[in-house]
S.K.: 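Here's a structure for you.
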Amino acid sequence: MINITLPDGSVRQYESGVTSLDIAKSISEGLARKVLAASVDGQVWDATRPISKDASLKLLTWTDTDGKNTFWHSSAHLMAEAVESMFPGVKFWVGPPVENGFYYDMDLGDRKMSEEDLAALEKKMNELAKQNNAYLRKEMPKAEAVQYFTDKGDEYKLDLLQNLNDGEITFYTQGAFTDLCRGPHIPNTGFIKAIKLMSIAGAYWKGDEKNKMLTRVYGVTFPSQKELDEYLALLEEAKKRDHRKLGKELGIYTMDDDVGPGLPLWLPNGTVIIEELEKLAKETELAAGYKRVVTPHIAKESMYLTSGHLPYYADSMFPAMEMDGEKYYLKAMNCPHHHKIFDAEPKSYKDLPFRLAEYGTCYRYEQSGELFGLMRVRCLHMNDAHIYCTKEQFYEEFRAVNEMYLKYFKIFGIEKYVMRLSLHSPDKLGKKYVDEPELWKETEALVRDVLVRTNTPFIEVQDEAAFYGPKIDVQIWSIIGREFTLATNQVDFAQGRSFKLHFTNQENKPEIPLIIHRAPLGTHERFIGFLLEHYAGKFPVWLAPVQVKVLPISDKFLDYAKSVSDKLKKADIRSEVDDRNEKIGKKIRDTELMKVPYMLVVGEKEMNEGKVAVRMQGKGDAGVQVVEDFIATISQEISERKS
RNA sequence: GCCACUUUAGCUCAGCUGGUAGAGCAACUGAUUUGUAAUCAGUAGGUCGUUGGUUCGAUUCCGACAAGUGGCUCCA
């Protein structure tokens, strides 16, 4: 007999060789029907795998992440079985679970899979699932496994085997499909009740663009049709919040083929938001001791050779244009220009920290396949600044920048974010990174120190630093789950030297300043794209392109409506009158759809009493108010930047 | 840049197997003067992304290019 400890601490005795599924059955049949896998002494196992010694056990179901991942992993195998039946001879690479479902990478040889095939594959998968085929585990010695795949001519699985040793090689078979796989798997295919194959994509083998491109099929499965339907409905909802859709509907920005890919045109409504953000940034930066500057959009080749941009990042810059025998480049970053401003006049330690801020326009030649709405563009407006400071001042300056992030996050109600300490990769020194191993170590320690001392939670990621130094990237998620880097706070030990920047220290000696590059609000493009999704287009009043729409009941009250609107405008409130010859219901509907935060309905009563009937977007009628009172309330809301 | 798919009126989308296109909304005109999410009627609007080819004939079939979408790679 062996002792099995359950999560509640209770211990039960079973015969050695008992499976998790048996144990589940001994607890309740209902539970047994839901068990997908089990955590045995912390390791995820097949529910059907015999347990032969004392162990702690947690039964995993759909509601456990590991249970769900097992379910999707098994679904990937089911899909592979269907693919193999339709594309005999197909070779598989790996098929893991992902955040919302699973994929499998495969080499179809000369054949191509089209989206029409997906429907047929789904049908086949449903048939196979109904066969309730068990996922059977089999251990195999390495030599035998190598022989098996050599005979099959499967170079992909042979590649996987290279990193495996005897004792860790297992195969799983369900129905007609056998795969090298460490498992675990759900008990049988019958658990998979609802199947949707989402898309076909290309994916480089091992994620390396020099390798062959495999075919990747993404899918998602559920234990019931209802859950699949809910998931698909959720995706539909998410589409409505897509910044590209909202950006068009709300008149925020547009793209035009003649202007070029990745070059957004900001429409009047979007420009209002830009100006409000810049106002916020200017206020914040002024209070934090920054000085504002303005610099040209281009510079000569020589500056980018100095800065290191050309050797390290030429691929991301637009090609040079020639003028008067000189090469000029569009700037991809503002830093070199700022360095020149630092250098324009001699600096002493008394001038430091020296902080230069600019909402700089940059141009980056992003790969065509990378462009994505406002999130990845070729012309961007960066909330940029550079802080030149001494090593002694570094901690305080870097800390203050991080604090500024948090202040902004509060204003915008950004609660979910991760600070990523992005480090260099030593084997790429001189290629991707400036070749100064000691300085890398030193500055990475400086940045880590700030995070540790300020108790800021962070994760460390290798090989994501800037070419000139380590950085902290702030990863955020829009409400629809899209993840990206918003803010960045970087140390730069390299450009100070390459630009021969210096200040005179207290000993009257020249010293090279450390440089902090920071962009808490990222770029207008990415940030407004994020805000559109974050707020679902319902901007807080201070950011709303139109803050108040005055809606006269009929033409008779148009003059009064205009007088109300004029009063609002005098109080710096963005107000418009709906002067169309439409019924009030129509005016309200259209204004609601444009997500204008306040509507003021005015008719006979309001006109006679000098009042307005307030209606709040999404909330409906909010009662009648004297115009001046309304102005006072909304002005307060705007000045506080309430969200 | 790579793989797959998409591109029809300002917007959202129909258009079966080739015979030069249609709806709703928006726009314009008129009627209506309206009380909290769509008043009615009429008018106008498209070389069917661009460009080659096949064909008596191409929005429809094939190719190239461009832009977009989903991924991969990349992302200072």
Side-chain angles (χ1 to χ4, degrees), chain A residues 98 103 105 108 112-118 198-218 239 242 244-245 248-249 254-262 304 307-309 312-317 331-336 362 364-373 375-377 380 382 384 422 432-433 464-469 471 473 484-485 488 490 492 495 517 519 526 551-558 581-593 599-606 613-622 624:
Chain A
V98 288
Y103 67 78
D105 281 352
L108 294 167
K112 278 189 176 160
M113 193 183 286
S114 73
E115 275 171 21
E116 283 130 51
D117 295 324
L118 292 185
M198 307 299 289
S199 63
I200 303 172
Y204 297 112
W205 184 43
K206 295 186 179 182
D208 188 334
E209 64 181 322
K210 288 185 215 67
N211 285 340
K212 180 171 183 171
M213 181 156 274
L214 303 176
T215 302
R216 173 176 295 182
V217 181
Y218 281 92
K239 262 193 210 158
D242 191 304
R244 291 165 299 189
K245 184 173 159 62
K248 183 179 277 179
E249 286 170 359
T254 188
M255 299 276 199
D256 188 288
D257 279 2
D258 279 338
V259 178
Y304 293 114
S307 69
H309 284 90
Y312 290 103
Y313 284 102
D315 286 352
S316 304
M317 294 175 73
K331 68 177 173 185
M333 284 184 75
N334 305 300
C335 41
C362 299
R364 297 179 180 182
Y365 188 74
E366 302 285 358
Q367 293 186 69
S368 60
E370 257 316 315
L371 300 173
F372 175 68
M375 300 299 196
R376 254 327 247 294
V377 291
L380 41 104
M382 210 193 308
D384 212 358
S422 303
K432 193 173 165 186
Y433 305 111
E464 288 196 9
F467 73 82
Y468 43 68
K471 60 179 180 172
D473 279 336
F484 50 87
T485 300
T488 183
Q490 319 177 342
D492 177 358
Q495 291 192 55
H517 303 235
R526 188 169 281 190
L551 312 177
I553 295 289
S554 80
D555 284 359
K556 288 186 208 156
F557 315 107
L558 199 50
N581 183 0
E582 291 288 353
K583 293 174 89 167
I584 192 67
K586 170 73 165 167
K587 292 181 185 175
I588 286 172
R589 178 181 159 78
D590 289 346
T591 313
E592 285 278 352
L593 290 175
M599 283 154 265
L600 301 181
V601 179
V602 294
E604 181 115 39
K605 269 186 303 195
E606 290 78 12
V614 182
R615 183 189 163 96
M616 292 169 81
Q617 200 275 331
K619 297 196 185 88
D621 200 336
V624 177

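Protein chains get the first letters and strands the later ones, always in sequence-line order, with residue 1 at the start of each. Model, not experiment: these values are computed from the prediction.
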S.K.: Do you know which two heavy atoms are closest between A/M113 and A/I200, and how far apart they sit?
M.R.: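 The pair with the smallest heavy-atom distance is O-CD1, 3.6 Å.
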
S.K.: Tell me whether A/E604 is salt-bridged to A/K556, with the criterion being a basic N under 4.0 Å from an acidic carboxylate O.
M.R.: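 So A/E604 does not pair with A/K556 through a salt bridge.
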
S.K.: For A/G620, report the nucleic acid contact type (base, sugar-phosphate, nothing); a contact means any heavy atom under 4.0 Å.
M.R.: nothing

S.K.: Atom CG of A/L593 to atom P of B/U36: distance rounded to whole Å?
M.R.: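 These atoms are roughly 17 Å apart.
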
S.K.: Hey, does the side chain of A/S199 come within less than 4.0 Å of B/G71's phosphate (OP1/OP2), counting only N and O?
M.R.: no

S.K.: Would one find a side-chain N or O of A/K248 under 4.0 angstrom from OP1 or OP2 of B/G10?
M.R.: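 Checking A/K248 against B/G10: no side-chain N or O falls below 4.0 Å of OP1 or OP2.
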
S.K.: Looking at B/C75, I'd like to know if its phosphate oxygens (OP1 or OP2) sit under 4.0 Å from a side-chain N or O belonging to A/K432.
M.R.: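 Answer is yes, contact under 4.0 Å.
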
S.K.: Would you classify A/I588 as touching base, sugar-phosphate or nothing, given that sugar-phosphate means primed atoms plus P, OP1 and OP2, and contacts are heavy atoms under 4.0 Å?
M.R.: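 It contacts base atoms.
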
S.K.: Give a yes or no on whether a salt bridge exists between A/D208 and A/K206, defined as a side-chain N under 4.0 angstrom from a carboxylate O.
M.R.: no

S.K.: Between A/L214 (CG) and B/C2 (P), how many Å, whole number?
M.R.: 17 Å

S.K.: Can you find a side chain N or O atom of A/Y218 that sits less than 4.0 Å from OP1 or OP2 on B/C72?
M.R.: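 Checking B/C72 against A/Y218, a side-chain N or O does come within under 4.0 Å of OP1 or OP2.
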
S.K.: What nucleic acid atoms does A/E606 come within less than 4.0 Å of, heavy atoms only: base, sugar-phosphate, or nothing?
M.R.: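 Touches a base.
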
S.K.: In whole Å, measure the gap between the C1' atoms of B/G18 and B/U60 for me.
M.R.: 6 Å

S.K.: Provide the distance between the two P atoms, one in B/C5 and one in B/A41, to the nearest whole Å.
M.R.: 44 Å

S.K.: Find the distance A/M375:CE to B/U69:P and express it as a whole number of Å.
M.R.: 12 Å

S.K.: Below 4.0 angstrom from OP1 or OP2 of B/A26, is there any side-chain N or O of A/K586?
M.R.: yes

S.K.: Starting from P on B/A66, measure out to CG on A/L371 and report it in whole angstrom.
M.R.: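 Rounded to the whole Å, the gap is 13 Å.
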
S.K.: OP1 or OP2 of B/G68 versus the side-chain N and O atoms of A/R244: is any pair under 4.0 Å?
M.R.: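 The answer is no; no side-chain N or O of A/R244 sits under 4.0 Å from OP1 or OP2.
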
S.K.: How is the base pairing of RNA chain B summarised as a dot-bracket string, given the Watson-Crick and G-U wobble criteria with both distances under 3.5 Å, [ ] for crossing and | for another strand?
M.R.: (((((((..((((.....[..)))).(((((.......))))).....(((((..]....))))))))))))....

S.K.: If you take atom types as modelled and just measure distance, does the side chain of A/R364 reach the base of B/C74 with a donor-acceptor pair under 3.5 Å?
M.R.: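 When only heavy-atom distances are counted, A/R364 does not reach the base of B/C74 through any donor-acceptor pair under 3.5 Å.
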
S.K.: Can a side chain N or O of A/R589 be found less than 4.0 Å away from OP1 or OP2 on B/A26?
M.R.: no

S.K.: Looking at A/K556, I'd like to know whether one of its side-chain N or O atoms comes within less than 4.0 Å of OP1 or OP2 on B/U34.
M.R.: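 Checking A/K556 against B/U34: at least one side-chain N or O falls below 4.0 Å of OP1 or OP2.
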
S.K.: Is the number of heavy atoms from other residues, nucleotides or ligands within 6.0 Å of NZ (A/K112) greater than 12?
M.R.: no

S.K.: Give A/A203 one of three labels, base, sugar-phosphate or nothing, depending on what nucleic acid heavy atoms sit under 4.0 Å from its own.
M.R.: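 If one applies the 4.0 Å heavy-atom cut-off, A/A203 turns out to touch the sugar-phosphate alone, with no base involved.
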
S.K.: Using whole Å, what does the distance between atom P of nucleotide B/A4 and atom CZ of A/R216 come to?
M.R.: 15 Å

S.K.: For A/Y103, which contact category applies under a 4.0 Å heavy-atom criterion: base, sugar-phosphate, or nothing?
M.R.: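 Nothing, no heavy atom under 4.0 Å.
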
S.K.: Any donor-acceptor pair under 3.5 Å linking the side-chain atoms of A/T485 with those of A/D473?
M.R.: no

S.K.: Classify the nucleic acid contact of A/E464 as base, sugar-phosphate or nothing, counting any heavy atom under 4.0 Å across all strands shown.
M.R.: nothing

S.K.: Going by number, which of residues 254-261 of chain A have a non-hydrogen atom under 4.0 Å from RNA chain B?
M.R.: A/D257, A/P261

S.K.: Using the P atom on both, measure B/U17 against B/C3 and round to a whole Å.
M.R.: 28 Å

S.K.: Is the shortest distance from a Lys or Arg side-chain nitrogen in A/E582 or A/K587 to a carboxylate oxygen in the other one below 4.0 Å?
M.R.: no

S.K.: When the C1' atoms of B/A27 and B/C74 are considered, how many whole Å apart are they?
M.R.: 43 Å

S.K.: For A/M113 and A/R615, find the nucleotide of RNA chain B closest to each by heavy atoms; which residue's nucleotide sits nearer the 5' end?
M.R.: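 Here A/M113 is the residue nearer the 5' end.
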
S.K.: If I pick the C1' atom on B/U50 and the same atom on B/G46, what distance separates them, to the nearest angstrom?
M.R.: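 The answer is 16 Å between these two C1' atoms.
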
S.K.: Counting the atoms with a prime plus P, OP1 and OP2 as sugar-phosphate, which does A/E604 contact under 4.0 Å by heavy atoms, base, sugar-phosphate, or nothing?
M.R.: base

